[in-house]
Amino acid sequence: MPKQQEDPLLSLLHSSQGTSSSLQTLGNIVVSIVGTGVLGLPFAFRVAGWLAASIGVTIAAASTYYCMILLVNTRDVLVNNNRDEELTESNTYGDLGAKALGTPGRYLTELLILVSQSGGAVAYLLFIAHNLYSLFHGPHGMTYSSFLFLLVPLQIALSFIRSLSALSPFSALADVCNLLAIAIVLKEDLHLFVGGFGRTSALTGLRDLPFAAGMAVFCFEGFGLTLSLEGSMKERRRFRKVLLAAIACITAIYLFFGFFGYMAYGEETKDMITLNLPNNWSSIAVKTGLCIALTFTFPIMMHPIHEIVEAKLERSFLFHKLCCNSHFARIFFLNTSRAISVLALTIVASFVPAFGTFVSLVGSTVCALLSFVLPATFHYLLTAGSSPTWQRALDVAIVLLGLAFAAHGTYTTISRS
């Protein structure tokens, strides 16, 4: 697969490769990690208890940081020991997969990224539809599914825009709306905080810990950007410190937001904290702003999905036969594939029982494999000759724990649905 198609989400970063300052990189890390999942964290605190969830978020953050560094170290060992010129410039997760496991490794990595992106896109649709339903279902009598499929024509039209730069202002708007949502929710939380400890639990039971842990892992997704973020820095040797600072800031925000959200609403905390907000002007403005911003950033979330699907489609015999070197036919079939992808994910979203359950399932499965299992596997296989025994043992432990977490988390999440 061509390099630009292995990890299409990174195209915006590649445009400034090697020129980003530490501050710009810190901002890029925050933007790549923080998303709609943060608005489900108070529910994770409700499920597991505030103490257990706080510990879980901290462990997820530390593990994510360690495994991100593991990816960078693996690439560096290959470059330094083998003088691997391909990996010097080609900073993609798929490249490491190919080096570790050959073509199947590249396909596995890309498949997991594709599923992860699809999960994020479905989460966007769920969030938009649920919040629109909470705002407008009363007067018009529309169902939740009606709002979900009402988005389809607009999302299909937006998916025909192939330039990410044309959509990037909406990404910035979404980030601003996310920050405003967090700020307004915290304002409401602090107002309701008095007496919160009496209505909450520190630990609800070990059975629910994997469910909350899956939600926490989902909130730290964005692993596919690790190597490109590091490669985009002007002073790449500072990446580890910048990444540590970013993860520490994000973790503090997550803990603060999850804790006070749960303290404010107790057992009434919903799987999207915005649904707990009163229908006053500030919360209505935030919900509306988030829905508008996420509607226009949904195509950015879909962009890597479209490019991976199109890359496979363009290499097929049937595609070449149907297009017959016609530019119009080529664009028609590619746009049709985009429309089908949007419609397919909308249909999937219509069957999802709850936002929290879905986020935990994606976090427990795909995100756990991308974030923990694959980095440790690649490091073990590619640095076997230079790693000390304790490091190799730790790699094996991470792989086994990651697989166990994925299996048990999946079972727990499905059993709760």
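What's counted below: heavy atoms across the whole structure, side chains too, no hydrogens, waters or symmetry copies. In this chain, residues are counted from 1 in sequence order.
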Q: Go through the structure and list residues passing side chain to side chain contact (heavy atoms under 4.5 Å, CB included) with L403, not counting sequence neighbours.
A: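 For L403 the side chain to side chain contact (heavy atoms under 4.5 Å, CB included) partners, ignoring immediate neighbours, are L369, V373, V399.
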Q: With sequence neighbours left out, write down each residue that passes side chain to side chain donor-acceptor pair (under 3.5 Å) with S387, or none if nothing qualifies.
A: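 With neighbours one apart ignored, the set is T383.
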Q: For a quick test of your reading: what N or O donor-acceptor pairs under 3.5 Å do the side chains of residues 209-220 make, sequence neighbours left out?
A:
none

Q: Roughly how far, to the nearest 0.5 Å, is the CD1 atom of I305 from the OG atom of S116?
A: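 S116 atom OG to I305 atom CD1 measures 9.0 Å (nearest 0.5 Å).
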Q: Among all residues two or more places apart in sequence or in another chain, which pass the side chain to side chain contact (heavy atoms under 4.5 Å, CB included) test with C67?
A: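 Residues passing side chain to side chain contact (heavy atoms under 4.5 Å, CB included) with C67: F223, F372, P375, I398.
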Q: Out of curiosity, D271 CG to T357 OG1, how far, rounded to the nearest 0.5 Å?
A: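 Spacing of CG (D271) from OG1 (T357) equals 7.0 Å.
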Q: Applying salt bridge (Lys or Arg N to Asp or Glu O under 4.0 Å) as the test, list every pair that has at least one member in residues 336-346; sequence neighbours left out.
A: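 As it turns out, the salt bridge (Lys or Arg N to Asp or Glu O under 4.0 Å) pairs with a partner in residues 336-346, which skip direct neighbours, are E310-R338.
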Q: Sort and list the pairs that fulfil salt bridge (Lys or Arg N to Asp or Glu O under 4.0 Å) and have at least one residue in residues 39-55, not counting sequence neighbours.
A: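 Counting only pairs at least two positions apart or across chains, the salt bridge (Lys or Arg N to Asp or Glu O under 4.0 Å) contacts touching residues 39-55 are R46-E267.
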Q: My understanding is that only residues two or more places apart in sequence, or in another chain, count here; which of them pass side chain to side chain donor-acceptor pair (under 3.5 Å) with T274?
A: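 Listed in chain order: N131.
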Q: At what distance, to the nearest 0.5 angstrom, does CD1 of I247 lie from CG of L26?
A: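 Taking CD1 in I247 and CG in L26, the distance rounds to 9.5 Å.
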Q: For Y65, give me all partners under side chain to side chain donor-acceptor pair (under 3.5 Å), at least two apart in sequence or on another chain.
A: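 Residues passing side chain to side chain donor-acceptor pair (under 3.5 Å) with Y65: none at all.
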Q: May I have the step-by-step check of side-chain contact (heavy atoms from CB on, under 4.5 Å) for N276 and I273, ending in yes or no?
A: CA-CA 5 Å; N276 282 106; I273 193 65; 3.7 Å; yes
Q: By salt bridge (Lys or Arg N to Asp or Glu O under 4.0 Å), which residues pair with R240, not counting sequence neighbours?
A: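 Salt bridge (Lys or Arg N to Asp or Glu O under 4.0 Å) check on R240 returns D76.
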Q: If you compare all heavy atoms of T295 against all heavy atoms of C291, which two are closest, and at what distance to 0.1 Å?
A: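 In terms of heavy atoms, the two residues are closest at OG1-O, 2.6 Å.
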Q: Among all residues two or more places apart in sequence or in another chain, which pass the side chain to side chain contact (heavy atoms under 4.5 Å, CB included) test with V396?
A: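 Side chain to side chain contact (heavy atoms under 4.5 Å, CB included) check on V396 returns Y380, L400.
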Q: Shortest non-hydrogen contact from V57 to F45?
A: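 Taking V57 first and F45 second, the nearest heavy atoms are CG2-CE1, 4.2 Å.
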Q: Check the orientation of F378 and Y93. Use parallel for under 30°, tilted for 30 to 60°, and perpendicular for over 60°.
A: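 Geometry flag for Y93 against F378: perpendicular rings.
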Q: For residues S118 and L345, report the shortest heavy-atom separation together with the two atoms involved.
A: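 Closest heavy-atom pair between S118 and L345: CB-CD2, 4.0 Å.
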Q: Which salt bridge (Lys or Arg N to Asp or Glu O under 4.0 Å) pairs, counting each pair once, include a residue from residues 368-390, with sequence neighbours left out?
A: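 For residues 368-390, and leaving out neighbouring residues, there are no salt bridge (Lys or Arg N to Asp or Glu O under 4.0 Å) pairs at all.
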Q: Would you please name every residue forming a ring-ring contact (aromatic ring centres under 6.0 Å, His included) with H130, sequence neighbours left out?
A: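 Counting only residues at least two positions away or on another chain, H130 forms a ring-ring contact (aromatic ring centres under 6.0 Å, His included) with Y144.
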